[in-house]
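In what follows, every chain begins at residue 1, and chains take the letters A, B, ... in the order their sequences are listed.
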Amino acid sequence: MRFSVSKDILLSGLQTVQNVVSSRTTLPILANVRIQAEEGKLRFTTTDLDVGVTCITDAVVERHGGTTLPVKRLAGIIRELPQGEVHIEVDSKNIASLKCGQIFFKIHGLPADEFPPFPEFEDCKVFTLKQSEVKDALRKTSYAISTDETRYVLNGILFSFKDSRLTMVATDGRRLGLVDLEVEFPQSDETDVIVPTKCINELTRLTNDAGEMKMYISQNQVAFDVGTTRLVSKLVEGNYPNYRQVIPTEVRERVTLERELFLSAVHRVSLLSSEKSNSVKLVFTKNNLEIASNTPDVGEAKESIPVVYKGVDMTIAFNPEYLMAPLRALPNDEVYLDLIDEMSPGVVKIQSPFLYVIMPMRVS
Amino acid sequence: MSLAAPAALSLLLQAHEQKRLAHAYLITGAQGSGKRMLTLELCAKILGCPPQAALSHPDVHSIAPESKSRKLLIEQLRGLEGELRMRSSRGGHKFGIIFEADRLQPQAANAFLKTLEEPPPNTHLLLLSEHPEQLLETILSRCVEIPLRPPEERALGPSEEAAAQIITAFFATRKPDLQGGLWMAQQLQALLAETKEHIHKEAADAFKAEEKQYKQTVDPKWLEQLEETHAARTEALYIGERNRLLEVLEAFWTDVLLLQNAQPARHLPICAEHAAQVCRQLTANEALNRVQAITKMREHLGMTGVNEPLALEHGILYAFAP
């Protein structure tokens with residue numbers, strides 16, 4: 001195998017795929033990237049057997065072939081090279097000779113045929129999505145993914161295709177983020193899948209602010225085509241809990257809040273929320289919201305912000321982290337906080353189809 | 001009622017055909033009763049691959065004791081659980097196998113209970129154990145036990161035979177006094193040292209071969225991990241082998257007890273003659289004390305931070321020359 005390619009293209013190819021390799025693995029070849037040289041193209045592939053990425057870049061290929069090389073080491077070398085063309089030649093013993101001007105490297109690799117095969121997607125459901133929408137939806141939901149491994153069905157985002165809509169949901173049982181997207185697909189393609197967290201993180205990295213992407217769903221796996229990059233992942237086993245039943249259907253009070261003002265106020269006040277209770281109180285009185293917290297024997301914090309509020313006086317407490325997370329992720333200037341009473345979940349909403357349910361904490 | 005391995009396999013396959021395969025099985029039986037074979041054949045038949053390739057099938061996930069103290073650690077279980085939580089790569093059943101499940105640490109076992117009780121859909125857990133009595137009640141109650149019948153007569157391994165020879169030599173040439181006891185302890189220690197050296201050498205060869213193959217091709221971090229894993233695995237192997245030697249001693253005294261109760265000696269036939277001789281010299285109570293001395297010694301050796309030669313000497317003196 002012999003090819004030459006510019007340093008930047010090679011590096012960006014390697015950076016696209018190198019995140020997937022896991023450091024702890026029983027199969028050493030999984031720490032390598034498979035490089036295949038075809039007609040005018042290079043294909044890079046990595047996998048940890050759960051999630052895999054493959055991408056294609058243009059290159060001047062002089063001799064076809066394939067090999068695998070340690071990806072972290074290779075990327076480390078390429079990063080340090082000066083701008084210019086990189087020539088790589090791999091012999092039959094999988095030893096790669098790398099030349100760039102007066103610089104010369106030799107790296108030992110492993111045979112490409114030992115690399116696990118990349119799954120094929122035939123006979124599957126295909127959906128066309130807008131990258132910007134998906135990226136935005138991931139940002140608005142992924143912080144709510146559960147990290148509790150005993151509730152493994154929550155260790156990912158639910159992609160629910162139903163009624164010409166894609167609903168993406170993440171929850172950890174205490175808060176829930178949800179985004180609805182308009183997508184066109186035949187009714188026969190309605191399906192629910194749970195995409196695991198690692199794949200979500202990669203997808204967030206891969207998606208851009210423009211262009212379309214494809215999502216393929218087979219019985220056990222999911223694939224995303226973003227540009228010339230394909231991300232493949234196993235799906236999480238099991239059924240997602242019925243999230244609809246935790247979304248309150250009535251609204252008694254709607255408060256409009258300036259997002260940044262509210263966020264910084266909650267952040268300031270949370271500095272004195274005690275580790276034990278870890279809550280901030282929102283005290284609503286006529287046209288005023290007071291945010292308060294206290295830690296016994298340490299001190300207390302209070303901050304008032306003017307709001308339009310005409311309902312009954314109400315005190316409701318939330319975990320400040322859970323309250324701040326959506327405020328950080330949303331781009332809007334104004335957010336709505338929908339409340340029922342002290343003991344019912346609050347809902348953060350914006351103008352577009354998004355909602356965030358947050359369970360209140362008991363006020364003593 | 002215990003089953004022969006092939007009978008157990010056909011029963012399990014029948015259950016699979018009727019879609020009644022349980023989510024967790026505990027396969028028990030003495031060494032050599034075919035637990036491993038049964039497990040591999042079951043996975044192979046259901047997944048459709050040759051038994052020797054079963055462990056490398058993408059839908060078969062297995063763990064075995066590998067820490068220095070030959071324990072199954074909580075991290076290993078977490079890894080296994082993580083793999084089982086994903087849908088199978090071939091779309092069918094998937095298996096989680098735990099070899100030597102009695103080495104589960106209580107902490108790890110407790111963390112595993114939830115998965116064991118209700119594994120993800122299409123997932124079957126197979127726990128293998130020679131000593132199910134050492135498992136937590138909570139584990140036992142969550143599994144369907146498949147007791148396998150031990151093979152009619154199992155040939156002793158080379159080091160086990162050496163241990164039996166030490167017993168024979170002791171009764172033939174030594175007196176059951178302090179000197180005799182110390183002599184025996186020394187012999188056993190020499191045997192253990194030899195076994196250890198043998199295991200280390202084999203493991204070192206295996207490590208070198210693997211290291212050579214991957215030396216220049218992978219991240220150095222991985223190589224370090226490989227070395228650690230190898231060291232731990234070697235230690236685990238040694239402790240397993242040591243247990244087997246101690247079992248030979250235990251078998252001898254069990255035979256003595258059997259003879260006292262007018263049962264034929266059946267655990268260690270090559271020492272039966274001496275067992276009969278010892279039996280005539282001891283009362284039932286004394287014989288029981290000897291067995292207990294061995295049990296106690298095994299307990300001591302199982303603890304961490306115990307000086308091995310000291311524990312061995314102490315145990316042997318109590319069992320053979322009190």
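Ring centroids of B:H23 and B:H124 are separated by 6.0 Å or more, keeping the two rings apart.
Side-chain atoms of A:T141 never come within 3.5 Å of backbone atoms of A:G177 as a donor-acceptor pair (strictly under, hydrogens ignored).
Most heavy-atom pairs under 4.5 Å with chain B, from the set A:N239, A:V236, A:N94: that is A:V236. Between chain A and the options B:R85, B:R78, B:M86, the largest number of non-hydrogen pairs under 4.5 Å is found for B:R85.
Expressed to the nearest 0.5 Å, how far CG of A:N155 lies from OG1 of A:T197 amounts to 5.0 Å.
Only the backbone of A:Q219 has a heavy atom closer than 4.5 Å to any heavy atom of chain B. In this structure, the portions of A:L235 lying under 4.5 Å from any heavy atom of chain B include both its backbone and its side chain.
The only option from A:L10, A:V5, A:T67 that meets the side chain to side chain contact (heavy atoms under 4.5 Å, CB included) definition with A:I88 turns out to be A:L10.
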